[in-house]
Every structure is written in structure tokens, then in C-alpha cells.
Protein chains: 2
Amino acid sequence: MGRKTSFDHDVVILQMSQVFARFGYAGTALDDIVAATGVLRGSLYRVFGSKQGMFIACLSAGLANQSQSELTWRLILVALLELSQTSLAVQTLIRGWYNEQDATTVLTQLGQQILNQSGILKGEIPDGKHS
Amino acid sequence: MGRKTSFDHDVVILQMSQVFARFGYAGTALDDIVAATGVLRGSLYRVFGSKQGMFIACLSAGLANQSQSELTWRLILVALLELSQTSLAVQTLIRGWYNEQDATTVLTQLGQQILNQSGILKGEIPDGKHS
DNA sequence: GTTTTTGTTGACTGATTAGTCAACAAAACT
DNA sequence: AGTTTTGTTGACTAATCAGTCAACAAAAAC
């Protein structure tokens, strides 16, 4: 019998979700995830397999809830815009979830979330990771 | 008096728009743009200054029209989700456009567009640049 | 035809990226 | 305490990235 994983899986999922929500999928580097979670790359790869595996774990966790938080809505947006066209795994996951929802509600929520997080509704100043 | 630019500016804008619309901002590499337009990197940088300059030229051209095409809606999504929070230039541009629109119409269109292009509404198979 | 001006080329640069792996060590078992 | 099992570490790898630039050459002017 060997050693147990030393980090809290649920906490790391939440931390990774925050990074993907903020920077998107392609805009997030592994080093960003390492910095946010404190877990080194070897351990992340051991548990999640790949960067896309990390994203899928985050999205799955979010979609598993009866209703979606702001964070999960952001992950849904990232999934739809960046991954859904090119990843069968992500497309299957998000389509399964979508088919369980009210289409009009989702459409409206997506539009609302996009506007909310874009920063154009207020006088927000861009924060600059990629300025 | 020297040489004139040998490519058609409007054609290149359209071609670059199609690449950004398809792969997003961070997901698009300069080589993708070179491949799609046939214009080499030195010439692109001479005219547009930077990768973000290329994107801004595309978005500006799209927003200059009275109504927006499918292609322009995709660029708007990319702008809102990937760049608006970190680029003052993009945020200013898209906010200016947004303030001239009917808020409800934009919200609905954003939701509809992201669902349409995500490929989850039909039996589409992912096409694989980033699978 | 020659000279001047300005665009094109694509190899190159420094930086960043996702993913790997052998050495180490903590946990579990005996 | 010793042995076995399995997680952690972080340097490393190969590839990719945005952006640069000197040599070349096409276009324009004379």
C-alpha cells in the first residue's frame, strides 16, 4: 500500500476552474495552474493526464451540480467557444448537459454571462495579463 | 516613390477574420494567418504592427458595417471572451459598438451565436486542429 | 537604363509552451 | 526499523510562439 495524494482534489478543481474561467483554455498556461494550486506539474499530470483532462475535470464538476454558479457558466463559455468544435470529449459532455436544460434559459444566460464578464458594462479597466 | 503593397487589404482582412473566428485569438498562431492569407509574417507586421493589431483591424472592419455578419458575431464573441478584459483598445472598440446597439438584441444574438458555432446543436464531429 | 524608395522574404531570436521522467521521499505495510 | 508502494519534485525536452531584421527586389521616379 502506498502513499495517498497529498492535495485536496475538490480544492484543486476549484482553483483550476478559477484559472480557466479567468484566462480561457488556450490563454491558460500550466504554470498558471501550478501557481494557483501549489501542486507541481508532475502531480497534476499524474492525476489529470493532460491539460485538457484538467479542464474536463473542472467542467464535469461544475455541470454535476443541479444549478450552475457564475464560475461554471464561465467554464461553459470557454468550452463552447474554444473546445467544443475540436474536442469530442468536451462536445459530448456539454451537449449532454445542454440537452437537459431549457434552451431559452441557457441562451439568455450565455448572453448575460458573456456581457457580465467582458467588462464592457461598467467602467472597468483591463487588468493586464495579456495587455 | 516606392512600391505599393502587393496584397488586397480587404481580402486579407476577410481571410484573417475567418482564422480568428475559427480558432479564437490565443488559439490562432501567426503561421495560421500566413497560411490562410499567403502574406508572409514580415509584411503582416509591417501593416498591422502586432498580432493584436491584426485582430483589431478585423474587428473594426466588421463593426463598421450597419449590421453584423455571422463572421463578425464570432469576432465579437472572441473579443468579449478573450480580449476585452485585458486589452484597453479592444474594450474601447467593443464598448463603443455595444453602446450603439439594442442591449436585449445583442444579448440574445451572443447566446445564439455561441451555441450555433459550438457544434453542439447538431451531430457535428469535431474537426480537430486542437483535438 | 539608372537611381531611389519602399515592400517582401523567411531565417532567426528569445521566450513560452505542454508534457516527461529519474531521483527522491512520504506513506503504508510487515 | 526495514521494505515496499506510490506520490512529488522540478529540471528537462522538443515544439511552438510572437516579433525582428538584413538582404533582396519590385515599383516608381528621373
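Note on naming: letters A, B, ... go to the chains in the order of the sequence lines (proteins, then strands), and numbering restarts at 1 for each one.
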Determine whether the side chains of B:Thr105 and B:Thr108 contain a donor N or O and an acceptor N or O closer than 3.5 Å.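 The criterion, which ignores hydrogens and geometry beyond distance, is not satisfied for B:Thr108 and B:Thr105.
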
Side-chain H-bond candidate by donor/acceptor type, B:Gln85 with A:Gln117, under 3.5 Å: no

By nearest-heavy-atom nucleotide on DNA chain D, the more 5' of A:Val47 and B:Ala26 is A:Val47

Of all the nucleotides listed (D:dT8, C:dT17, D:dG19), which has the minimum atom distance to the side chain of B:Lys51?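 Nearest listed nucleotide: D:dG19.
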
Between [atom2] of [N] and [atom1] of [X], the distance in whole Å:
X: A:Gln52; N: C:dA18; atom1: CD; atom2: P; result: 13 Å
X: B:Phe48; N: C:dT8; atom1: CZ; atom2: P; result: 11 Å
X: A:Leu40; N: C:dA18; atom1: CG; atom2: P; result: 15 Å
X: A:Met16; N: C:dA18; atom1: CE; atom2: P; result: 14 Å
X: A:Asp31; N: D:dA11; atom1: CG; atom2: C1'; result: 12 Å
X: A:Ile33; N: C:dA18; atom1: CD1; atom2: P; result: 8 Å
X: B:Phe20; N: D:dA18; atom1: CZ; atom2: C1'; result: 12 Å
X: A:Leu30; N: D:dG10; atom1: CG; atom2: P; result: 15 Å

Can you tell me how the ring of B:Phe55 sits relative to the ring of B:Phe20, calling it parallel under 30°, perpendicular over 60° and tilted otherwise?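 Judged by the thresholds at 30° and 60°, the geometry between B:Phe55 and B:Phe20 is perpendicular.
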
Indicate the ring-plane relationship of B:Trp73 and B:Trp97, choosing parallel, tilted or perpendicular according to the 30° and 60° boundaries.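 Correct class here is perpendicular.
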
Connecting only ILVMFWY residues whose side-chain heavy atoms lie within less than 4.5 Å of each other, what is the rest of A:Leu14's hydrophobic cluster? A:Leu71

In terms of hydrophobic clusters joined by side-chain contacts under 4.5 Å, are A:Phe7 and A:Met54 together? yes

Nucleotide by nucleotide, 5' to 3', does protein get under 4.0 Å of the base (B), only the sugar-phosphate (S), or neither (-) in nucleotides 20-30 of chain D, counting heavy atoms? BB----BSBS-

